[in-house]
Amino acid sequence: MSYSSNHLSNSISLNVKGTHIIDEKDESQLVSTNDIALPNQKPLNHVGIDIGGSLTKIVYSSKLENGGKLNFESIETSKVEQIVQRLKEVLKLHYGFDPDSDSGEQNEVIIMATGGGAFKYNQLLLDEIKCPVVKTDEMQSLIVGLDFLITRIPDEIFTIDEHFSYNSVQCLEDPHIYPYLLVNIGSGVSMIKVTANNTFTRVSGSSVGGGTLWGLLSILTAANDFDEMLALAQDGNNENVDLLVGDIYGRGYNKIGLSAEAIAASMGKAFKKITADVKVPEDASVEEIRARRLERLLAFDQKDIAKSLLFAISNNIGQIAFLEAQRCGISKIFFAGSYIRNHPQTVKTLSYAIKFWSNNQQSAYFLRHEGYLGSLGAFLSKRASEDA
Ligand SMILES: Nc1ncnc2c1ncn2[C@@H]1O[C@H](COP(=O)(O)OP(=O)(O)O)[C@@H](O)[C@H]1O
Ligand SMILES: CC(C)(COP(=O)(O)O)[C@@H](O)C(=O)NCCC(=O)O
C-alpha cells in the first residue's frame, strides 16, 4: 500500500492542547481541543474509528470557513450506546447524513474501522450507523497513523531531557528515521519494529499494560476514572508502599549500581502491613480473611498505591521495550497509546527507563496524539486505498 499520498498537504498546521476524552457528565467537552487543521479541499466522506479494549477513538473531519480540520475524540468502549450516539451526531453534524431518518441507500459515508471492536461490533455498526464498514488491520493502522504524524505534523514528536524538560523533535524530512520500534501501550502492549515506510513486524507484546493499571487502581483506590487515578499518582509517595534498596540494605548496594533510593520491589511493603501485622483466627473463612485484609488496605494512602503501580507498570514496559529494541538492533523507540495520556510521570518514567537500561544508547520519543495512531491510520487508509 502506498500511503504516502497527497492525502493532506504539507501545509497542515497543528493545534494541540491535549488528548480529548468525552465525559458523559460534561457535554461541553464535545468541542475537541487537539484538532489538526486541513487545507482547503473537497469534503471528506469517511470517519476513522479504533474500537479498542478500553477506549474507542474517533477521527472525523469537519468544515471551517477556510478549509477544515481533523477532530479527535475518545469514549470508553464499554459505553457502546454512547459511541453509537456520538457517531450518529458526528455524521449528522459534519457529513450531512442522519442514520436515524435517512435510509442509508443514498449515503456515501464510509466507516473505516480498526481494533478488536471493528470485528466484535461490526454488525451493530452496520445496523445502527447504516454505513459500509471497512475493516483495517490494527497493527497496520498504528503504523500508518504513526508514519503520518512523524512525517507530516510539525511539533508532534517530543523527547524529555535529563532535566525532564520537554523538547520538540523535528523528524519530518529525516531520511534516517528508520528503523524504529513502536511501543503501543493500550489495554495491552504491542511492540512493532518498523524498518521502512509500511514495512513492519510485530516483534513482541505484554499483557501488563494500560488495562492492568486501570484494573488494579479500580480495585485499590476510590478513583472514578483514569484521569482521577493519574491525579492521585501525581501527589503520591511510592516510598510508603515500595520496598527500597535502602529498606533492605540500610544503605545503597553500590557495588551493583543500586542507590538506597532505588525500588527493590514494587508494592514490597504491602505484605507486612496487610498480612504479617494482622492476626486472624486460625479457623477464619477465606471471606473473613479477605475482609480483614481489605480493611488493612485503608492503612495505605491510595495516592501512594497509585504512584507505585504507575511506576511499576511504566518501568516494566520501559525495560521490555529496551530489551526488544536491543534484540532488534534499534535505537529509536516511539511510545504511544492512551496509557501515556501525556502524563508527566509516565513520560518521565518511560524515558528514564530507556536511558538507564541502554546506558544512553537508545532514545524514547513521544507524540502529542499518542492515543490516536490506530484511528488516524484507519482514517488515512481510505484515501490510501483509493490512491493505490
Ligand atoms: N479516559 C480513560 N478511560 C479509561 N482508560 C484510559 C483513559 N484514558 C487513558 N486510559 C488508559 O489508556 C488505556 C487504553 O489505551 P488505548 O490506546 O486507547 O488502548 P485500547 O485500544 O486497548 O483501548 C487504558 O487501559 C488506560 O490505561
Ligand atoms: C490484543 C491487542 C493487540 C489488542 O490491542 P489493544 O486493544 O490493547 O490496543 C493488545 O492488547 C496486545 O497486544 N496485548 C498483548 C498480548 C501479548 O502479546 O501478550
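Count residues from 1 along the sequence. Read the numbers this way: they start at 1 and go in the same order the structure lists the ligands and their atoms.
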Of all heavy-atom pairs between [X] and [Y], which one has the smallest distance, and what is that distance?
X: C328; Y: V203; value: SG-CG1, 4.1 Å
X: H94; Y: Y60; value: CD2-CE1, 3.5 Å
X: P99; Y: K88; value: CG-CG, 3.9 Å

**Prompt:** Side chain of T77, backbone of T56: donor and acceptor closer than 3.5 Å?
**Reply:** yes

**Request:** Between S74, S338, G215, flag the one that comes closest to atom 16 (P) of ligand 1 by a heavy atom.
**Result:** S338

**Request:** Validate the cation-pi geometry between K193 and F200: distance from NZ or CZ to the six-membered ring centre under 6.0 Å, angle to the ring axis within 45°.
**Result:** no

**Aromatic plane relationship, F356 with Y352 - under 30° parallel, 30 to 60° tilted, over 60° perpendicular** =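 Geometry flag for F356 against Y352: parallel rings.
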
**Prompt:** Which word best sums up how the rings of Y166 and F158 line up, parallel for under 30°, tilted for 30 to 60°, or perpendicular for over 60°?
**Reply:** tilted

Any ion pair linking [Y] and [X] (charged N to carboxylate O, less than 4.0 Å)?
X: K92; Y: E89; answer: no
X: D247; Y: K269; answer: yes
X: D147; Y: R152; answer: no
X: R86; Y: E73; answer: yes

Could you say whether the N/O atoms of [X] and ligand 1 ever approach to under 3.5 Å?
X: G53; value: yes
X: Y339; value: yes
X: G210; value: yes
X: D50; value: no
X: D227; value: no
X: G371; value: no
X: W214; value: no
X: L55; value: yes

**Asked** Are G115 and ligand 1 in contact, using a heavy-atom cut-off of under 4.0 Å?
**Response**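 No, G115 has no heavy atoms under 4.0 Å from ligand 1.
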
**Message:** Would E370 count as a contact residue for ligand 1, given that I'm defining contact as a non-hydrogen atom of the residue lying under 4.0 Å from a ligand atom?
**Reply:** no

Could you list, one pair per line, each nitrogen or oxygen of ligand 2 together with any protein nitrogen or oxygen closer than 3.5 Å, giving atom names and the distance rounded to 0.1 Å?
{"from": "ligand 2", "atom 1": "5 (O)", "to": "E138", "atom 2": "OE2", "distance (Å)": "2.9"}
{"from": "ligand 2", "atom 1": "7 (O)", "to": "G53", "atom 2": "N", "distance (Å)": "3.1"}
{"from": "ligand 2", "atom 1": "8 (O)", "to": "S187", "atom 2": "N", "distance (Å)": "3.2"}
{"from": "ligand 2", "atom 1": "8 (O)", "to": "G188", "atom 2": "N", "distance (Å)": "3.1"}
{"from": "ligand 2", "atom 1": "9 (O)", "to": "E138", "atom 2": "OE2", "distance (Å)": "3.4"}
{"from": "ligand 2", "atom 1": "11 (O)", "to": "G188", "atom 2": "N", "distance (Å)": "3.4"}
{"from": "ligand 2", "atom 1": "13 (O)", "to": "V189", "atom 2": "O", "distance (Å)": "3.4"}
{"from": "ligand 2", "atom 1": "13 (O)", "to": "S190", "atom 2": "OG", "distance (Å)": "2.9"}
{"from": "ligand 2", "atom 1": "13 (O)", "to": "R202", "atom 2": "NH2", "distance (Å)": "2.8"}
{"from": "ligand 2", "atom 1": "18 (O)", "to": "R202", "atom 2": "NH2", "distance (Å)": "3.0"}

